[in-house]
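Read the structure below first, then the notes.
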Amino acid sequence: MVLDDLGSSLRGTLDKLRGKSRLSEEDIEEIVKEIQRSLLSADVDVSLVMELSDNIKERALEEEPPAGTPARDFVLRIVYEELVDLIGDSTELPLEEQTILLAGLQGSGKTTSAAKMAWWFSTKGLRPAVIQTDTFRPGAYDQAEEMAERAEVDFYGDPDSEDPVEIAREGLEETSDADVHIVDTAGRHALEDDLIAEIEEIEDVVDPDTSLLVLDAAIGQGAKDQAQQFDESIGIDGVVITKLDGTAKGGGALTAVDQTDSSIAFLGTGEEVQDVERFEPDGFISRLLG
Ligand code: GDP
């Protein structure tokens, strides 16, 4: 079963259904309540949780379980399908020449993710380069250079320049031997007009195939505004959720996925360049409900 790694209270509720072939309305209510509790404590937005609950309830009540299917399996299947519907498959990233632009607030994990993703592409036999355009955060250049070294990938940045757009342009030229270009951008502490203007200009020059929004797993309500702003300015194709090695389950990032009508591309699970996973729904869903 896909969802075999469930939290204990949800598993307890579902175990009560063992041996039953039909679900009562109370059974469904109880299960949906447990799921709501799990998702809300994983920071999933209330309105998303409500929408999901309604869909699960409606389907569990209206659909006929296929003959011979135990009620427990039937309802688990519905829960899983509805969650997959909400979360989606991982963002499509072909293993070929491409340019990826990273956006996000300061501290979200962009620079780390750029190196991690470059490392990941290198394990697939491609030649990635990281281009560091963050002239705003002191230390961003050194950090990016060091991480690119650890990932053993090409790197371009210019610690003496204050012009991120020019760095992006030069960077693409200087790393033309690489086939995957990952362009890191500066963040800010909050969404500010100059940040948005800057990333729009970089996007113009870079013309990325994919723009990814990097979000800390602990993000809550803030995800919506960020997703909306970045989506309006550069168009967001996918989300990277970082710091999943901490206690946060990353449910807040689902708001961004929903808001941008996109999907999740990568998960960050530590501070090292190898601490990265391509997103896959099963593990993430188990974790959300766990
Ligand atoms: P940026 O400002 O968006 O470029 O963020 P950074 O890449 O500099 O990351 C901010 C901090 O978060 C740094 O101390 C990173 O080491 C840390 N960090 C980034 N990703 C992860 C992760 O997946 N797990 C953990 N534990 N720390 C991370």
Side-chain angles (χ1 to χ4, degrees), residues 42-43 90-91 100-121 123 128-151 153 155-159 164 167-168 171 181-192 194-196 198-199 202-203 206 208 211-220 222-223 225-227 229-230 233-234 236 238-253 256 264-280 283-284 287-288:
D43 291 328
S90 77
T91 312
I100 299 172
L101 180 67
L102 297 186
L105 293 191
Q106 189 166 322
S108 60
K110 284 180 307 305
T111 301
T112 311
S113 299
K116 285 177 174 180
M117 287 166 51
W119 176 80
W120 183 87
F121 277 108
T123 66
V130 170
I131 299 167
Q132 168 60 281
T133 70
D134 186 350
T135 57
F136 185 78
R137 177 163 65 91
Y141 173 87
D142 289 341
Q143 181 197 354
E145 187 185 36
E146 191 195 318
M147 291 209 79
E149 229 166 73
R150 274 192 261 157
V153 297
F155 174 75
Y156 181 84
D158 182 353
I167 298 176
H181 293 93
I182 300 174
V183 182
D184 188 15
T185 60
R188 295 288 190 275
H189 294 298
L191 288 165
E192 290 161 17
D194 63 340
L195 164 71
I196 298 294
E198 179 180 299
I199 201 163
I202 295 175
E203 200 252 354
V206 166
S211 294
L212 300 177
L213 175 62
V214 181
L215 295 172
D216 185 320
I219 194 155
D225 274 358
Q226 275 190 51
Q229 284 250 24
F230 282 115
S233 60
I234 58 167
I236 294 298
V239 171
V240 177
I241 310 178
T242 64
K243 309 183 197 181
L244 277 166
D245 48 314
T247 51
K249 292 182 174 170
I264 305 171
F266 285 98
L267 306 177
T269 56
E271 295 189 68
E272 297 302 322
V273 286
Q274 293 87 355
D275 295 332
V276 61
E277 290 168 21
R278 190 79 163 94
F279 170 76
E280 52 86 23
F284 191 75
R287 194 187 154 91
L288 273 184

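Position 1 is the first residue of the sequence; numbering continues from there. Numbering of ligands and ligand atoms starts at 1, following listing order. From a predicted model like this one, the values you see are computed outputs, not experimental measurements.
Contact of the I199 side chain with the S233 side chain is registered, since non-hydrogen atoms from C-beta on lie closer than 4.5 Å. A heavy-atom distance below 4.5 Å is not found between the side chains of I202 and I234.
Polar contact check, G109 against ligand 1: a nitrogen or oxygen pair lies under 3.5 Å apart. When only interatomic distances are considered, the shortest N/O to N/O separation between K116 and ligand 1 falls below 3.5 Å. At least one N/O-N/O distance between K110 and ligand 1 falls below 3.5 Å. Considering both main-chain and side-chain atoms, S113 never comes within under 3.5 Å of ligand 1 through any nitrogen or oxygen pair.
Contact record, V153 with W119: CG1-N, 4.3 Å, taken as the closest heavy-atom pair. Closest heavy-atom contact between V240 and S113: CG1-OG, 3.9 Å. V239 and A256 make their closest contact through CG2-CB, 4.3 Å (heavy atoms, listed as atom of the first residue, atom of the second, distance).
Each of the atoms 2 (O) of ligand 1 lies under 4.0 Å from some heavy atom of Q106. Near G268, meaning under 4.0 Å from one of its heavy atoms, ligand 1 places the atoms 23 (O). Taking a cut-off of under 4.0 Å to the non-hydrogen atoms of L105, the atoms of ligand 1 that pass are 3 (O).
With hydrogens left out, the protein atom closest to atom 22 (C) of ligand 1 is G270 O, 3.0 Å, a heavy atom. The nearest protein atom to atom 14 (O) of ligand 1, hydrogens excluded, is given as E271 OE1, 4.0 Å; this is a heavy-atom distance. Closest to atom 24 (N) of ligand 1, if we only count protein heavy atoms, is D245 OD1, 2.8 Å. The nearest protein atom to atom 17 (C) of ligand 1, hydrogens excluded, is given as K243 CE, 4.1 Å; this is a heavy-atom distance. In this structure, the protein non-hydrogen atom closest to atom 7 (O) of ligand 1 is T112 OG1, 2.6 Å. Looking only at heavy atoms of the protein, atom 8 (O) of ligand 1 is closest to Q143 NE2, 3.0 Å.
Here the side chain of K110 pairs no donor or acceptor atom with the backbone of A103 at under 3.5 angstrom. Between the side chain of T185 and the backbone N or O of L102, at least one donor-acceptor pair lies under 3.5 Å. A donor-acceptor pair under 3.5 Å is absent between the side-chain atoms of S90 and the main chain of A265, judged by distance alone. Looking only at distances, a side-chain donor or acceptor of R287 sits under 3.5 Å from a matching main-chain atom of L244. Formation of a donor-acceptor pair under 3.5 Å by the K116 side chain with backbone atoms of G270 is found in this model.
With a 4.0 Å cut-off on non-hydrogen atoms, D275 does not touch ligand 1 at all. Contacts of D184 with ligand 1, taken as heavy-atom pairs under 4.0 Å, are absent altogether.
The presence of a protein heavy atom under 4.0 Å from atom 19 (C) of ligand 1 is confirmed.
Taking 4.0 Å as the cut-off, G107 counts as a neighbour of ligand 1 on heavy-atom distance. Within the 4.0 Å heavy-atom shell around ligand 1 one does not find V214.
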List, one per line, each side-chain donor-acceptor pair under 3.5 Å for residues 138-148, sequence neighbours excluded.
{"residue": "Q143", "atom": "OE1", "partner": "R137", "partner atom": "NH1", "Å": "3.0"}
{"residue": "Q143", "atom": "OE1", "partner": "R137", "partner atom": "NH2", "Å": "2.7"}
{"residue": "E146", "atom": "OE2", "partner": "R150", "partner atom": "NH2", "Å": "3.0"}

